[in-house]
Visitor: 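This is the structure, below, for whatever I ask next.
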2 protein chains.
Amino acid sequence: MTSEERIRKQKELVESTGCMYDKKGFQPTAGRIIGLLTIMDKEQYTFDEIVEELQISKSSASNALNMLEISNIIEYTTLPGDRKRYFQIKKVDKFTLVDEHRSKLKETRDFLNNVLDLKANKNSGNAILIKDLIDMLNYFLDKFEELKKDYLSQK
Amino acid sequence: MTSEERIRKQKELVESTGCMYDKKGFQPTAGRIIGLLTIMDKEQYTFDEIVEELQISKSSASNALNMLEISNIIEYTTLPGDRKRYFQIKKVDKFTLVDEHRSKLKETRDFLNNVLDLKANKNSGNAILIKDLIDMLNYFLDKFEELKKDYLSQK
DNA sequence: TTTTTAGTTCGTTTATTTATAAACTAATAA
DNA sequence: TTATTAGTTTATAAATAAACGAACTAAAAA
């Protein structure tokens, strides 16, 4: 694969990151910025480079960058005697990805507990299914923490 | 808790289900229908009952119900000599919830593998982080399947 | 045959999101 | 002092999504 080919593919992947994050409820521009800072070989971009690279307006860039910073997804460093900000993705903890899913499973379990509490008949079809789901979720939520420990000790 | 209180709380929870599913990218109406069929003690609703209960137009109901049926989330039964459809939520397999999360983690791993493949320097800061994340995701994806077996045999 | 029931389809309205351009600000450089 | 840089803010335009009402259809009932 030539270098240009590789860069072309990287840029394609940046675009598809926009779609990925769109589905997650982010604005596409924010997703593309995350993609840019993750995928390209260059790991730090200035405001103007982002505007130029993604072909977006300064206001879109300003909005998306502020949102991403507040959401703890990107950060910037500065250099003495240089007013520019150098944006980069925040290095996440190894477990952030699974932790996010764990916390969503937890929310689901809490919701289902709520639903079950409000059921008049705890033996109706839905109630039994919900009890089953809660039991399974509790098992997985427990084991998740064990898996994290096991993973670290295994290294 | 009186019966009216319980029903009021159930209806509140139905509304909040609309918001939950909105965040997941569903239309609020669809979310409220899922809520209705999951939360209320009555487990089967006709088209008109749904329209009445959620105070929505027939066209909204029609659209949302068709979408939910195609998405395999609800189903309906019919009775001989009765043209009405009786809608109910589809009973999911115990593991559906965790499987959904597993498959999202898998997508993330595949995406990161893609990103890593396209990196010019596999030892850059981002590349190393990505390798770490992939390794951890692979571990969890494996263990997930084991956990499912363990859960079943433990019963 | 006409009416009622159980929905579907279509065209429009309303609300929300996303992005823009243009004007502005605050700091630095010339 | 004036110009330039590095963005921010604001007001608006464009696109998209969600829901609605009204007209329609197909089957069954009267």
Side-chain angles (χ1 to χ4, degrees), chain A residues 11 14-37 42 44-71 73-88, chain B residues 11 14-37 42 44-71 73-88:
Chain A
K11 289 187 181 179
V14 169
E15 281 307 306
S16 74
T17 312
C19 304
M20 268 180 49
Y21 278 86
D22 195 17
K23 280 184 219 153
K24 291 191 194 183
F26 282 74
Q27 33 179 268
T29 298
R32 280 193 282 265
I33 291 174
I34 294 172
L36 193 70
L37 301 180
K42 184 175 169 66
Q44 287 191 325
Y45 281 79
T46 65
F47 187 93
D48 282 328
E49 285 168 343
I50 291 169
V51 164
E52 168 65 20
E53 196 66 45
L54 298 180
Q55 303 272 56
I56 55 177
S57 66
K58 292 207 293 171
S59 47
S60 290
S62 178
N63 280 322
L65 287 169
N66 281 323
M67 186 274 281
L68 289 171
E69 216 201 313
I70 287 165
S71 310
I73 294 170
I74 63 167
E75 61 188 359
Y76 63 85
T77 53
T78 50
L79 296 173
D82 180 352
R83 258 197 302 158
K84 286 189 196 101
R85 298 178 186 171
Y86 295 84
F87 293 96
Q88 62 202 41
Chain B
K11 288 187 182 179
V14 169
E15 282 307 305
S16 75
T17 312
C19 303
M20 267 180 51
Y21 277 86
D22 195 18
K23 282 186 217 150
K24 292 191 193 182
F26 282 74
Q27 32 178 266
T29 298
R32 280 193 282 262
I33 291 174
I34 294 172
L36 193 71
L37 301 180
K42 185 174 167 66
Q44 289 192 323
Y45 281 80
T46 65
F47 188 93
D48 282 327
E49 285 169 343
I50 291 168
V51 164
E52 168 64 20
E53 196 66 47
L54 298 180
Q55 301 273 57
I56 55 178
S57 66
K58 291 205 294 172
S59 47
S60 291
S62 178
N63 280 321
L65 287 168
N66 282 323
M67 186 275 279
L68 289 171
E69 214 200 314
I70 288 166
S71 309
I73 294 170
I74 63 167
E75 61 188 359
Y76 64 85
T77 53
T78 50
L79 296 174
D82 179 354
R83 262 199 298 159
K84 288 192 195 95
R85 299 179 188 171
Y86 294 84
F87 293 97
Q88 61 202 41

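As a basis for the values below, the full set of heavy atoms in this structure was taken, side chains included, without hydrogen atoms, waters or symmetry mates. Only a predicted model underlies this, so the values are computations on that prediction, with no experimental measurement involved. Naming convention: chains lettered A, B, ... in sequence-line order (proteins, then strands); numbering from 1 in each chain.
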Visitor: For A:Ile70 and D:dT8, what is the distance between atoms CD1 and C1' respectively, to the nearest whole Å?
Guide: 13 Å

Visitor: I need a per-nucleotide contact map over nucleotides 14-30 of chain C, read 5' to 3'. Cutoff is protein heavy atoms under 4.0 Å; write B for the base, S for backbone only, - otherwise.
Guide: ----SSBB----BBS--

Visitor: Separation of B:Asn66 atom CG from C:dC10 atom P, in whole Å?
Guide: 13 Å

Visitor: Using only side-chain N and O atoms of A:Arg85, determine if any of them is under 4.0 Å from OP1 or OP2 of D:dG7.
Guide: yes

Visitor: Can you list the residues that meet the ring pair (Phe, Tyr, Trp, His ring centres under 6.0 Å) rule with B:Tyr21, with sequence neighbours excluded?
Guide: B:Phe26

Visitor: Using the test side-chain contact (heavy atoms from CB on, under 4.5 Å), find all partners of A:Gln88 that sit at least two apart in sequence or belong to another chain.
Guide: A:Gln44, A:Glu75, A:Thr77

Visitor: Tell me every residue that passes side-chain contact (heavy atoms from CB on, under 4.5 Å) with B:Glu69, counting only those two or more places apart in sequence or in another chain.
Guide: B:Asn66, B:Ile74, B:Tyr76

Visitor: B:Ile33 CD1 to C:dG7 P: how many Å, rounded?
Guide: 13 Å

Visitor: Of all residues at least two apart in sequence or in a different chain, which pass the side-chain contact (heavy atoms from CB on, under 4.5 Å) check with A:Glu15?
Guide: A:Arg32

Visitor: Over how many whole Å does the gap from B:Lys84 atom NZ to C:dG7 atom C1' extend?
Guide: 12 Å

Visitor: What integer distance in Å separates B:Tyr21:OH from D:dA18:P?
Guide: 16 Å

Visitor: Determine all donor-acceptor pairs shorter than 3.5 Å in which one atom belongs to a side chain in residues 78-87 of chain A; sequence neighbours excluded.
Guide:
unit_1	atom_1	unit_2	atom_2	d
A:Asp82	OD1	A:Lys84	N	2.9
A:Asp82	OD2	A:Tyr86	OH	2.7

Visitor: Expressed as a whole number of angstroms, how long is the span from A:Leu65:CG to D:dA6:P?
Guide: 15 Å

Visitor: For B:Tyr86 and C:dG7, what is the distance between atoms OH and C1' respectively, to the nearest whole Å?
Guide: 14 Å

Visitor: Within this structure, what is the OH-to-P distance between A:Tyr76 and D:dA6, rounded to whole angstrom?
Guide: 15 Å

Visitor: Does the side chain of B:Leu54 come within less than 4.5 Å of B:Val14's, by heavy atoms?
Guide: yes

